[in-house]
Protein chains: 2
Amino acid sequence: MRSPDELSDLFRASGRKVTPQRRRIFELLEGNSSHPTAESIYLELVKDMPTVSLKTVYMTLKELEEMGEVQCLDLGMGSSRFDPNVDGEHHHLVCVSCGKVRDFQLSQNWDLKLQVPDEMFSVSKAEIVFRGTCATCRVIGSRSVVENSDKVHIS
Amino acid sequence: MRSPDELSDLFRASGRKVTPQRRRIFELLEGNSSHPTAESIYLELVKDMPTVSLKTVYMTLKELEEMGEVQCLDLGMGSSRFDPNVDGEHHHLVCVSCGKVRDFQLSQNWDLKLQVPDEMFSVSKAEIVFRGTCATCRVIGSRSVVENSDKVHIS
DNA sequence: GATACATTTTGCACTAGTTGTAAATGATTG
DNA sequence: CAATCATTTACAACTAGTGCAAAATGTATC
Ligand SMILES: [Mn+2]
Ligand SMILES: [Mn+2]
Ligand SMILES: [Zn+2]
Ligand SMILES: [Zn+2]
C-alpha cells in the first residue's frame with residue numbers, strides 16, 4: 001500500500017475526497033501487518049473520532065481494494081481481514097487457536113499458477129492458507145488454555 | 001466420505017440415530033463433487049421432505065465434519081462449502097465468475113507443510129485456493145455476460 | 001409389538017458481519 | 001465564499017449461521 005500522502009493524492013486525482021476519516025484509515029493501515037478486520041480498524045478510529053461509523057470503514061476499505069491498495073482476505077474466521085501488503089505475493093499462516101494471521105513467503109519460488117493447465121482454468125491468483133498453531137499458542141496451550149484469546153488486535 | 005450404509009452403521013455405533021433426514025443427506029453428499037452449500041443441500045432435501053429444516057442440515061453436516069467424513073471449506077464466497085472428498089489431499093479452483101468450485105490435484109507432489117519451519121508454526125493443514133475463471137465462463141464471458149450465474153447448484 | 005428414554009427435529013428468535021437508504025455534512029474548485 | 005457533489009452518518013435490512021425448548025421419533029429392551 002502507498003503512503004497516506006500518496007493515497008491522498010491518488011484519491012483527489014480520481015475525483016474522490018480526502019476526509020479526516022479516510023486519512024486516519026490510511027494511517028492505521030500503513031505498515032500494519034496484523035491483517036485487521038474492519039471492526040478492529042473501527043475500534044482504533046473511534047478513539048480519535050467518536051462519531052465515526054463502521055460503514056465508513058467498510059466503504060474506505062472497499063475503495064482501497066478496488067484501487068489495488070489493499071487486499072481483502074477471507075480466511076473463514078467470521079470476518080474479512082484486510083491486508084495492505086500487496087506488493088509481493090505472499091501466503092498466510094492462520095492460527096486456529098488465537099486467530100492471528102501472519103505473512104509467509106515460500107522459500108522456494110514455486111510458480112503455483114503454472115500448475116493449472118490454462119485451457120482448464122485461467123488462474124488470476126493462487127494463495128496458500130496454512131492452518132495450525134502459532135508458536136505462542138503452542139506454549140500457552142501446553143500450560144493453560146484459559147488465557148487464549150480469539151480477539152483480533154490491531155498492532 | 002463413506003457410503004450411506006456405512007455411515008448409518010457408524011452413526012448407530014456411536015449412539016447417534018439414523019433419521020430419514022440424515023439418511024437422505026448422506027445420499028445427497030455421496031459422490032457429490034459440487035462442493036455444495038448447506039442451503040443447496042437443503043433445497044434438494046426439501047423436495048422429498050417438505051418440512052425439513054435448514055437447521056437439521058447444518059447439524060448433520062457438523063456431525064459429519066467432526067467425524068472426518070466431510071470437510072468444511074471457507075472459500076470466501078459468503079457461505080461454507082461442504083466436501084465429501086476427504087481421502088486424498090487436494091486443492092480447489094474457484095471461479096470468480098460463476099462461483100463453481102472444482103477439485104484440483106497438484107501434479108508434482110509438493111509437500112507444502114514442510115515449507116513452514118516447525119518452530120515458527122505447527123501446520124495442520126495447507127490448502128491452495130486458485131481463483132480465476134473456468135473454461136465455461138471464459139467462453140460465455142467473451143460473448144455475453146448476462147447469462148453468468150452466481151447460483152450454486154447441487155450435483 | 002409395546003415401552004421407555006435419549007436423541008433429534010423443528011420453528012423461532014437471535015447473533016455477527018456486512019450492505020442499502022436517504023438526509024445531513026463537508027471537501028474541493030473556481 | 002459559495003456551489004457542487006462526494007461522503008458520512010444513523011438506522012434498517014439482509015445473509016449465514018446458531019441457541020433454545022417443546023414436540024417428535026429412533027433404538028434398545030422386554
Ligand atoms: Mn498478508
Ligand atoms: Mn474438494
Ligand atoms: Zn496462536
Ligand atoms: Zn465459471
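A note on names: the letters A, B, ... follow the listed sequences, proteins ahead of strands, and every chain is numbered from 1.
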Expressed in angstrom and rounded to an integer, what is the separation of [X] atom [atom1] from [N] atom [atom2]?
{"X": "A/D9", "N": "C/dT28", "atom1": "CG", "atom2": "C1'", "result": "14 Å"}
{"X": "B/L43", "N": "D/dT15", "atom1": "CG", "atom2": "P", "result": "14 Å"}
{"X": "B/M59", "N": "D/dT18", "atom1": "CE", "atom2": "C1'", "result": "11 Å"}
{"X": "B/L61", "N": "D/dT18", "atom1": "CG", "atom2": "P", "result": "10 Å"}
{"X": "B/M49", "N": "C/dG11", "atom1": "CE", "atom2": "C1'", "result": "18 Å"}
{"X": "B/E65", "N": "D/dT18", "atom1": "CD", "atom2": "C1'", "result": "15 Å"}
{"X": "B/L73", "N": "D/dG17", "atom1": "CG", "atom2": "P", "result": "12 Å"}
{"X": "B/R16", "N": "C/dT9", "atom1": "CZ", "atom2": "C1'", "result": "16 Å"}

Report task. Not counting sequence neighbours, which residues clear salt bridge (charged side-chain N to carboxylate O under 4.0 Å, His left out) with B/E30? List them please. Result ->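 Salt bridge (charged side-chain N to carboxylate O under 4.0 Å, His left out) list for B/E30, sorted by chain: empty.
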Query raised in the report: With side chains defined as the heavy atoms from C-beta onward, is the minimum distance between A/L93 and A/V101 less than 4.5 Å?
Result: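 No, too far: nothing below the 4.5 Å cut-off.
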**Report entry** Side-chain heavy atoms of A/S80 within contact of A/F82, under 4.5 Å
**Finding:**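 Counting from C-beta outward, A/S80 and A/F82 do come under 4.5 Å.
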Spatial distance of atom [atom1] ([X]) from atom [atom2] ([Y]) [nearest 0.5 Å]:
{"X": "A/L75", "Y": "B/D74", "atom1": "CG", "atom2": "CG", "value": "9.0 Å"}
{"X": "B/Y42", "Y": "B/L28", "atom1": "OH", "atom2": "CG", "value": "13.5 Å"}
{"X": "B/L64", "Y": "B/E69", "atom1": "CG", "atom2": "CD", "value": "7.0 Å"}

Query raised in the report: So which heavy atom on A/V94 is nearest to which on A/M77, and how close?
Result: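 Smallest heavy-atom distance, with atoms named: CG1-SD, 3.4 Å.
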Taking OP1 and OP2 of [N], is either one under 4.0 Å from a side-chain nitrogen or oxygen of [X]?
{"X": "B/Q21", "N": "D/dG26", "answer": "no"}
{"X": "B/S53", "N": "C/dT9", "answer": "no"}
{"X": "A/R22", "N": "D/dA6", "answer": "no"}
{"X": "A/R12", "N": "C/dT28", "answer": "yes"}

Query raised in the report: Under 4.0 angstrom, heavy atoms only, what part of the nucleic acid is A/T19 near: base, sugar-phosphate, or nothing?
Result: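 A/T19: backbone/sugar contact only, no base atoms under 4.0 Å.
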Report summary line: Considering only heavy side-chain atoms of B/T56, the closest of C/dT8, C/dA27, C/dT9 is C/dT9
Query raised in the report: Looking at the side chain of B/V52, which of C/dT10, D/dG26, D/dT8 is the nearest nucleotide?
Result: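 That would be C/dT10.
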Report summary line: Reading nucleotides 1-6 of chain C from 5' to 3' and marking B where a protein heavy atom lies under 4.0 Å of the base, S where only the sugar-phosphate is that close, and - otherwise, the string is -----B
Report summary line: Going 5' to 3' through nucleotides 14-19 of chain C and flagging B where a protein heavy-atom sits under 4.0 Å of the base, S where only the sugar-phosphate is that close, and - otherwise, we get ---SBB
Query - Side-chain H-bond candidate by donor/acceptor type, A/S8 with A/R23, under 3.5 Å - result: yes
Query raised in the report: Any luck finding a side-chain donor-acceptor pair between A/D5 and A/S3 under 3.5 Å?
Result: no
Query - A/F130: partners by ring-ring contact (aromatic ring centres under 6.0 Å, His included), with sequence neighbours left out - result: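 A/F130: ring-ring contact (aromatic ring centres under 6.0 Å, His included) contacts with A/F104.
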Query - Contacts of A/H92 that satisfy ring-ring contact (aromatic ring centres under 6.0 Å, His included) - sequence neighbours left out - result: A/H35, A/H90
**Report entry** Salt bridge present between A/K62 and A/E65 (N-O < 4.0 angstrom)
**Finding:**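 No salt bridge links A/K62 with A/E65.
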Query raised in the report: Which angle, to the nearest 10 degrees, lies between the helix axes at the two ends of the helix from C/dG1-D/dC30 to C/dG30-D/dC1, each defined by five pairs?
Result: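 So the angle between the two local helix axes works out to 40°.
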